[in-house]
Amino acid sequence: MRFSDMLIPTLRETPSDAEAFSHILMLRAGYIRQLAAGIYIYLPLGFKVIEKINRILREEMNSIGAQEVSLPALHPAEIWQSTGRWYEIGEEMFRLKDRTGRDMCLGMTHEEIMTWLAAREIRSYRNLPQIWYQIQIKLRDEARPKSGVLRTREFLMKDSYSFDADDEGLEKSYRLHADAYHRIFSRCGLRFYMVESDPGMMGGAASHEFMAPSSAGEDEIARCSACGYAANIELAASNSRKMEMMDWDLEEVYTPEKRTVEEVSNFLKTAPQYFIKSLLLISDKGPVLALIRGDAELHEKKVERILGKHRPAHKTEVKEILGVEAGFIGPVNHNVRIIADPVLKEGVYISGANKENYHLKGIRPGKHFSAEWHDIRLAKEGDTCPKCDSPLEFEKVIEIGNIFKLGTKYSVPLKAFYLDERGEEKPVVMGSYGIGPARIAAAAIEQNHDKDGIIWPVSIAPFDVEILPLNVGDKNTVDIAEKIYRELKEKGIDALIDDREERAGVKFKDADLIGIPVQVIIGERNLKDGFVEVKDRKTRKSERIKLEETHEHIMLILSHMGKEGT
RNA sequence: CGGGGCGUAGCGCAGCCUGGUUUAGCGCACCUGCCUUGGGAGCAGGGGGUCGGAGGUUCAAAUCCUCUCGCCCCGACCA
């Protein structure tokens, strides 16, 4: 491809409304343009990258026996009503009416439609298992689109769905996907982890996420490098730092105007981990007192899994229910339901006395109050692995893929049944699996860039090689460049030739920005002695190569970089 | 949805507070010519704006007031 024929509108300056590296660089290097909040145009270079990623997705999905289909993006409401999600999902779903007034929506995911299809077309155990996938637009009216292509309202997704006769089958399909996903992300040149995750509204038994570490990520994971434990922070279990057992007797201590753990801890000169932090929550079934150690933080999502929808109690409610203001509440001497972090099972603590200006010292959980024990605490720096007790590491990550075991959540309401060997009708057991190609591209940039621009992994770079004839006014330079271009093309190497009448500096800057992994620099200086220069974008190392060895050398470099088929 | 910020040429910005020498400006990009060709050259000439939109105040509005739309950031939310 010729640079002069291609739309590659690079920008010298950073557009003011971009912040994430991937966003800035995709904009500056001419990969994308923004149409509206969370809605993007892919320019030729950007589109090529997405297509490269999609090719890898197709190869790997096909290799596990998945079949590509294409489902509509426009859905009738009834099908979403039958699984209940029409009502459960809020404003995030784009809803509209057709000309006859019929309720419709834009597809934010395709469990319903895939299951609808399965309900019609799968009749017998002989038809199972099946894996169907598509690479399709999803539409979600995100509350806050952000970070360029990382969180958008319209985006491409490779989504696949497995249909099995039983849990054992699902287990196998799930495993196939997990393995395929590992191959996909490795081939795309990403650093990533597979972590345990919360199935959330998706429902089902288990799920994992594939996470690419990056400071631009919205999620956080906890990870143990010793035993391999890794989980989304929303789910991560951990062991808190151990503490000494005190031999305090139970007594009320006067703590005037000291309400927060920090205040009381300073006042009594006792470390926060000797305190019990008590938080009154209001759930659908009434008030619940949540207890965590003084140095910990409550994790909303974990609490929600136990209590369902809930909220913190208002000041007046605290007073009504416990008879004292929030700063002095504690677990002893009342009948409010208590859920507590298991770390509190051992130890002797200080907490509110449920009496104005007093705290209670010497509380022994189990003896002075009873509670339901649940992990409701946010794992944090300094905590150790729940499996092997080694220190946990925490990292910000971009979610690039996820896999869910759905079970029969969708097959039952949508009546996707099959007849087994004995003629018995059974619901199909499902899984669903997603990957966002744009997030792969963005994560690749987040993980591979420098101050001058993008450094693409070869596998997903828009071109393998960029040829830079520095002075197109020099006939020899042009002839050699064209010759190399032709030779590479014949070898199946996708090359971009910067044939523009620009000065060398401009070409160098643009080449670094765009980030094609190999640069072939053709200047009169080297040409005189029969050499060209081949430069690695990443290491910036360049070698003078004899003209006649150029394309062999390029093939060699590309294969070192992991280009397939070289 | 709550909090903050910003809308002036394709991009980056100044001007606004204190209305009138502003015919709305600067850098880059763009067009023409000359010159130049190994890290975003130089010179000369040129094109491009209903100052996000609507209403108002005023003799006079990019500038002041009201409403509105859009975009970004933090948070909540996120099948």
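Since the model is a prediction, treat every value here as computed from it, not as a measurement.
Atom P of G20(B) sits at a distance of 11 Å from the matching atom of A61(B), rounded to the whole Å. As rounded to the nearest Å, C51(B) and C13(B) have C1' atoms that lie 14 Å from one another. Distance check on atom P: G53(B) versus C35(B) gives 45 Å, rounded to whole Å. Taking atom P in both A9(B) and U50(B), the straight-line distance is 8 Å, to the nearest Å. Look at the C1' atom in both G15(B) and U22(B): the space between them is 10 Å, to the nearest Å. Rounded to a whole angstrom, the distance from the P atom of G46(B) to that of C26(B) is 12 Å. Spacing between U57(B) and G3(B) at atom C1', rounded to whole Å, works out to 31 Å. Taking the P atom of each, C74(B) and C67(B) are spaced 28 Å apart, rounded to whole Å.
Here the P atom of nucleotide U37(B) and the CG atom of Asn476(A) are 16 Å apart, to the nearest Å. Distance Glu501(A) CD to U32(B) P: 11 Å, rounded to the nearest Å. Between the CD1 atom of Ile8(A) and the C1' atom of A29(B) there is a distance of 16 Å, given to the nearest Å. Taking atom NE2 on His310(A) and atom C1' on C77(B), their separation rounds to 14 Å, with Å as the unit. Following rounding to the nearest Å, Ile32(A) (CD1) and C71(B) (P) show an atom-to-atom distance of 15 Å. Straight-line distance from the CG atom of Leu468(A) to the C1' atom of G38(B): 11 Å, rounded to whole Å. Following rounding to the nearest Å, Ile41(A) (CD1) and G10(B) (P) show an atom-to-atom distance of 15 Å. For Asp498(A) and G40(B), the CG to P distance is 15 Å, given to the nearest whole Å.
The side chain of Arg144(A) sits closest to A76(B) out of U37(B), A76(B), C11(B). Closest approach to the Ile521(A) side chain among U37(B), G40(B), G38(B) is made by G38(B) (side chain taken as heavy atoms from C-beta onward). Listed candidates were G38(B), C71(B), C11(B). Nearest to the side chain of Gln34(A) is C71(B). Counting only heavy atoms from C-beta on, Glu19(A) has its side chain closest to C73(B) among G40(B), C73(B), U37(B). Checking G40(B), C71(B), A76(B) against every side-chain atom of Ala143(A), the shortest atom distance belongs to A76(B). Among the nucleotides G39(B), C11(B), C30(B), the one closest to any side-chain atom of Glu502(A) is C30(B).
Nucleotide A60(B) has no partner under the Watson-Crick or G-U criteria, as no pair reaches both atom distances under 3.5 Å. Base pairing analysis places C6(B) opposite G70(B); the two distances defining the Watson-Crick or G-U wobble pair are each below 3.5 Å. The partner of C30(B), taking Watson-Crick or G-U wobble pairs whose two distances both stay under 3.5 Å, is G46(B). Applying the Watson-Crick and G-U wobble criteria (two distances, each under 3.5 Å), A76(B) pairs with nothing in any strand. Remark: A24(B) base-pairs with no nucleotide in the shown strands. Criterion, Watson-Crick or G-U wobble with two distances under 3.5 Å.
Across all strands, Ser147(A) comes closer than 4.0 Å only to sugar-phosphate atoms, never to a base (heavy-atom distances). Nucleic acid contact for Lys146(A): sugar-phosphate only, since backbone atoms but no base atoms lie under 4.0 Å from a heavy atom of the residue. Within 4.0 Å (heavy atoms only), Arg33(A) reaches no atom of the nucleic acid at all. Counting non-hydrogen atoms under 4.0 angstrom, Gly523(A) reaches a base of the nucleic acid. At the heavy-atom level, Asn471(A) lies under 4.0 Å from base atoms of the strands shown. Using a 4.0 Å heavy-atom criterion, one finds that Ala18(A) contacts no nucleic acid atom at all.
The residue among Glu13(A) and Glu234(A) whose nearest nucleotide of RNA chain B is located toward the 5' end is Glu13(A). Remark on RNA chain B: of its neighbouring residues Asp512(A) and Asn402(A), the 5'-side contact belongs to Asp512(A), judged by nearest-heavy-atom nucleotide.
Between Glu297(A) and Arg377(A) there is no salt bridge, since none of the side-chain N atoms of the basic residue sits less than 4.0 Å from a carboxylate O of the acidic one. Salt bridge annotation for Arg540(A)-Asp450(A): present, with a cationic side-chain nitrogen under 4.0 angstrom from a carboxylate oxygen.
Within the 4.0 Å cut-off from OP1 or OP2 of C13(B), at least one side-chain nitrogen or oxygen of Ser16(A) is found. Between Arg12(A) and G40(B) there is no side-chain N or O to OP1 or OP2 distance below 4.0 Å. Between Arg503(A) and U36(B), a side-chain N or O to OP1/OP2 separation shorter than 4.0 Å is absent.
When only modelled atom types and interatomic distance are considered, Gln519(A) and Asp536(A) share no side-chain donor-acceptor pair under 3.5 Å. A side-chain N or O of Glu112(A) and one of Thr83(A) form a donor-acceptor pair less than 3.5 Å apart.
A 6.0 Å sphere centred on CD of Glu262(A) holds no more than 12 heavy atoms belonging to other residues, nucleotides or ligands. At most 12 non-hydrogen atoms from other residues, nucleotides or ligands lie less than 6.0 angstrom from CD of Glu501(A). Atom CD of Glu68(A) has more than 12 neighbouring heavy atoms from other residues, nucleotides or ligands inside a 6.0 Å radius.
Using cut-offs of 30° and 60° for the angle between ring planes, the Tyr40(A) and His23(A) rings count as perpendicular.
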